[in-house]
Amino acid sequence: MKNLGIVLIVLGIMMMVYTGFNYVTKENVVDLGPIQINAEKNHPVQWSPIVGLVLIVGGIVVVAVDRKK
């Protein structure tokens, strides 16, 4: 359980530092035989830093409960 708590704390810190990321996909816009036109679409993925804070607090609670046992 202590390892899970540590993982939650590290993940929470990472989520507070990096609040999102982007990934790119290619879409086929026009396909006329040998002629193809592709477009790149940017897809942002964002989350609130509060989620990272909740994970940190949860990790601290898990580590504290494990120490009491």
Donor-acceptor contacts, no H, no angles, side chain residues 43-63, under 3.5 Å, sequence neighbours left out:
residue, atom, partner, partner atom, Å
H43, NE2, T25, OG1, 2.8
W47, NE1, M15, O, 3.2
W47, NE1, Y18, O, 3.2
S48, OG, I50, N, 3.2

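- Note: the hydrophobic cluster containing M16 also contains I9 (ILVMFWY, side chain heavy atoms under 4.5 Å, direct or indirect links).
- How far CG of L8 is from CG of N3: 11.0 Å, rounded to the nearest 0.5 Å.
- Here the shortest heavy-atom pairing between L32 and V30 reads CG-CG1, 3.7 Å.
- Put simply, CD1 on I6 and CG on L11 are 13.5 Å apart, with the number rounded to the nearest 0.5 Å.
- Under the salt bridge (Lys or Arg N to Asp or Glu O under 4.0 Å) criterion, E27 pairs with K41, not counting sequence neighbours.
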